[in-house]
Amino acid sequence: MSAEIICVGTELLLGDILNSNARFLAGELASLGIPHYFQTVVGDNPQRIQQVLQVARDRGSQLLIFTGGLGPTPDDLTHETLAQFFGVSLVEKPEILEDIAAKYAARGRKMASSNRKQASIPDGADILPNRAGTAPGIIWQPEPGLTLLTFPGVPGEMHRMWQETAVPYLKGRGWGREIIYSRVLKFWGISESELAEKVSHFFEQSHPTVAPYASNGEVKLRLSARARSPQEAQTAIAPVIEQIKAIAGSDCFGSDEDTLASVVGRLLLESGQTIAVAESCTGGGLGQLITAVAGSSSYFMGGVISYDNQVKIALLGVDPAVLEREGAVSATVAEQMARGVRDRLGTDWGVSITGIAGPGGGSEAKPVGLVYIGLAGSDGSADSFKYQFGALRDRDLIRHFSACCALDRLRRKLLR
């Protein structure tokens with residue numbers, strides 16, 4: 001048995017609204033162990049909605065979940081279109097009409113005449129109640145082997161209707177006897193293609209499945225198993241996770257909800273060490289990532305945003321002669337910035353970033369995207385690392401990659 005998600009709304013096609021409903025439903029279907037292979041977004045057009053419905057039925061999807069198009073306006077046509085497709089009439093339900101009127105009365109308002117439209121559903125369909133809004137959905141089996149669920153497009157209303165009515169209904173009819181359980185391994189410092197070459201043999205297995213994907217510099221491997229319980233799925237996934245970690249080594253920085261900043265924070269807490277940062281091109285972005293982690297005040301002492309050279313000299317002790325000779329974007333300045341912030345804030349580690357985020361300011365010798373990261377430890381040592389992010393061609397991405405690479409460099413040092 002497989003499900004299909006169909007989201008109705010021209011505003012989704014125009015990009016005016018983020019389609020969070022599809023993501024929510026996909027996760028819910030996975031938690032119920034219900035496979036779904038297709039998602040469709042279609043505008044508020046009866047002919048195109050019917051075309052989508054025909055395609056879904058022809059490819060054998062047995063559970064069709066619609067969101068959107070249940071409002072009181074003329075372009076809200078989902079129930080009307082479904083009725084036309086299956087050759088039945090719309091029937092006005094007095095209980096729906098009474099519910100809508102009561103909700104308006106509770107707000108001290110009179111129901112608009114246009115809301116009457118929401119009380120009509122296809123003949124033979126059951127009501128999927130909406131306790132939070134005025135647009136009820138339906139549960140309908142218009143023909144053998146095909147079930148339709150409809151929800152309003154408002155996420156809060158749809159979430160509640162799904163949990164309160166749809167999930168018990170599906171479970172009561174044999175759906176959801178298994179779960180699809182997933183874990184995500186996260187990697188930094190290795191490309192998706194490089195990682196894929198190392199672990200390609202796992203992609204061929206069917207249980208658990210392993211699939212790669214990348215996002216903002218992170219490479220991820222999703223491991224999924226179908227089972228009757230999370231414990232059974234974890235048992236299937238655990239040995240594969242350990243094998244992949246052994247192959248990837250320190251390139252694997254965490255899993256699931258881990259971030260580079262949270263992992264670095266955990267390592268600092270475990271070792272009882274502290275950190276301070278000195279930032280130029282990232283303008284506080286590194287500090288923001290670190291302090292986004294709850295409890296970071298235990299190990300993060302503060303930072304200096306040193307855009308101007310005089311700030312680097314006065315607050316971080318960078319040598320003016322080095323700035324004159326090598327420029328602010330250089331290995332030596334990155335090391336001196338890291339040492340300076342470590343010494344002045346009295347921490348175990350100092351991390352610095354200096355670079356050219358663009359779009360201007362670059363030269364042939366120092367192009368946009370050139371970044372140096374400095375790392376100074378409590379033993380007095382300091383290292384610098386050179387990166388070239390020019391291929392990203394985006395100021396925000398260059399800044400983000402710079403901050404993440406700085407965290408990754410510190411993470412690897414802490415692991416030694």
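Given the structure is predicted, the values throughout are model-derived calculations rather than measurements. Positions are given from 1 along the sequence.
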* To do: Start with the C-alpha distance between Tyr213 and Val184, add both sets of side-chain angles, then the distance that settles side-chain contact (heavy atoms from CB on, under 4.5 Å), and finish with yes or no.
  => CA-CA 10 Å; Tyr213 59 105; Val184 176; 3.9 Å; yes
Between [X] (side chain) and [Y] (backbone), is there a donor-acceptor pair under 3.5 Å?
X: Arg342; Y: Gly377; result: yes
X: Ser61; Y: Leu64; result: no
X: Ser352; Y: Gly374; result: yes
X: Gln243; Y: Pro239; result: yes
X: Thr134; Y: Ile100; result: no
X: Ser271; Y: Leu268; result: yes
X: Lys312; Y: Tyr307; result: yes
X: Asn21; Y: Gly153; result: yes
X: Lys386; Y: Ala331; result: no
X: Gln118; Y: Leu70; result: yes

Residue pair [X] / [Y]: nearest heavy atoms and the distance that separates them:
X: His36; Y: Ala26; result: CE1-CB, 3.6 Å
X: Ala406; Y: Leu286; result: CB-CD2, 4.2 Å
X: Asp76; Y: Thr73; result: OD2-OG1, 2.6 Å
X: Lys366; Y: Gly327; result: NZ-CA, 3.9 Å
X: Gly137; Y: Met161; result: N-CE, 3.6 Å
X: Pro208; Y: Val240; result: CG-CG2, 3.9 Å

Euclidean distance, [Y] [atom2] relative to [X] [atom1], rounded to 0.5 Å:
X: Ile49; Y: Glu80; atom1: CD1; atom2: CD; value: 9.5 Å
X: Ile275; Y: Leu375; atom1: CD1; atom2: CG; value: 8.0 Å
X: Ile356; Y: Tyr372; atom1: CD1; atom2: OH; value: 9.5 Å
X: Thr274; Y: Leu269; atom1: OG1; atom2: CG; value: 11.0 Å
X: Glu324; Y: Asp319; atom1: CD; atom2: CG; value: 11.0 Å
X: Lys186; Y: Thr259; atom1: NZ; atom2: OG1; value: 7.0 Å

* salt bridge (Lys or Arg N to Asp or Glu O under 4.0 Å) contacts in which one or both residues fall within residues 272-295, not counting sequence neighbours -> none
Decide if atom [atom1] of [X] counts as having more than 12 heavy atoms of other residues, nucleotides or ligands within a radius under 6.0 Å.
X: Glu270; atom1: CD; value: yes
X: Gln231; atom1: CD; value: yes
X: Arg59; atom1: CZ; value: yes
X: Arg177; atom1: CZ; value: no
X: Arg325; atom1: CZ; value: yes

* **From CA spacing to verdict: side-chain contact (heavy atoms from CB on, under 4.5 Å), Ile121, Trp140** => CA-CA 10 Å; Ile121 63 174; Trp140 189 24; over 6 Å; no
* Any chance you could lay out the side-chain contact (heavy atoms from CB on, under 4.5 Å) test for Leu170 and Leu63, step after step, and finish with the verdict? => CA-CA 10 Å; Leu170 293 171; Leu63 175 64; 3.9 Å; yes
Does [X] reach the side chain of [Y], with side-chain heavy atoms less than 4.5 Å apart?
X: Phe151; Y: Leu128; answer: yes
X: Ser306; Y: Leu315; answer: no
X: Leu407; Y: Ile290; answer: yes
X: Val341; Y: Val277; answer: no
X: Arg226; Y: Pro35; answer: yes
X: Arg160; Y: Thr165; answer: no
X: Leu414; Y: Trp349; answer: yes
X: Arg57; Y: Phe85; answer: yes

* Structure fact -> side-chain contact (heavy atoms from CB on, under 4.5 Å) with Val42: of Leu13, Thr10, Val52, only one passes, and it is Val52
* To do: Give the C-alpha distance, both sets of side-chain angles, the deciding distance and a yes or no for side chain to side chain donor-acceptor pair (under 3.5 Å) between Asn115 and Tyr104.
  => CA-CA 10 Å; Asn115 285 104; Tyr104 271 94; 3.0 Å; yes
* Could you check whether the rings of His400 and Trp188 sit parallel, tilted or perpendicular, using 30° and 60° as the cut-offs? => perpendicular
* To do: Can you label the angle between the Phe24 ring and the Trp162 ring as parallel, tilted or perpendicular, going by 30° and 60°?
  => perpendicular
* To do: State whether Arg266 and Asp258 are salt-bridged, where the test is any N-O pair (Lys NZ or Arg NE/NH1/NH2 against Asp/Glu carboxylate O) under 4.0 Å.
  => yes
* Can Asp251 and Arg412 be counted as an ion pair, charged N to O under 4.0 angstrom? -> yes
Donor on one side chain, acceptor on other, [X] and [Y], under 3.5 Å:
X: Ser330; Y: Thr332; result: no
X: Glu194; Y: Ser191; result: yes
X: Ser120; Y: His79; result: no

* Geometric cation-pi criterion, Arg411 with Phe253: 6.0 Å, 45° -> no
* Show the numbers, then the answer: is there a side-chain contact (heavy atoms from CB on, under 4.5 Å) between Ser402 and Phe389? => CA-CA 8 Å; Ser402 299; Phe389 298 124; 3.6 Å; yes
* **Intermediate values then yes/no, salt bridge (Lys or Arg N to Asp or Glu O under 4.0 Å), Asp383 and Lys413** => CA-CA 11 Å; Asp383 298 301; Lys413 282 279 190 180; 3.0 Å; yes
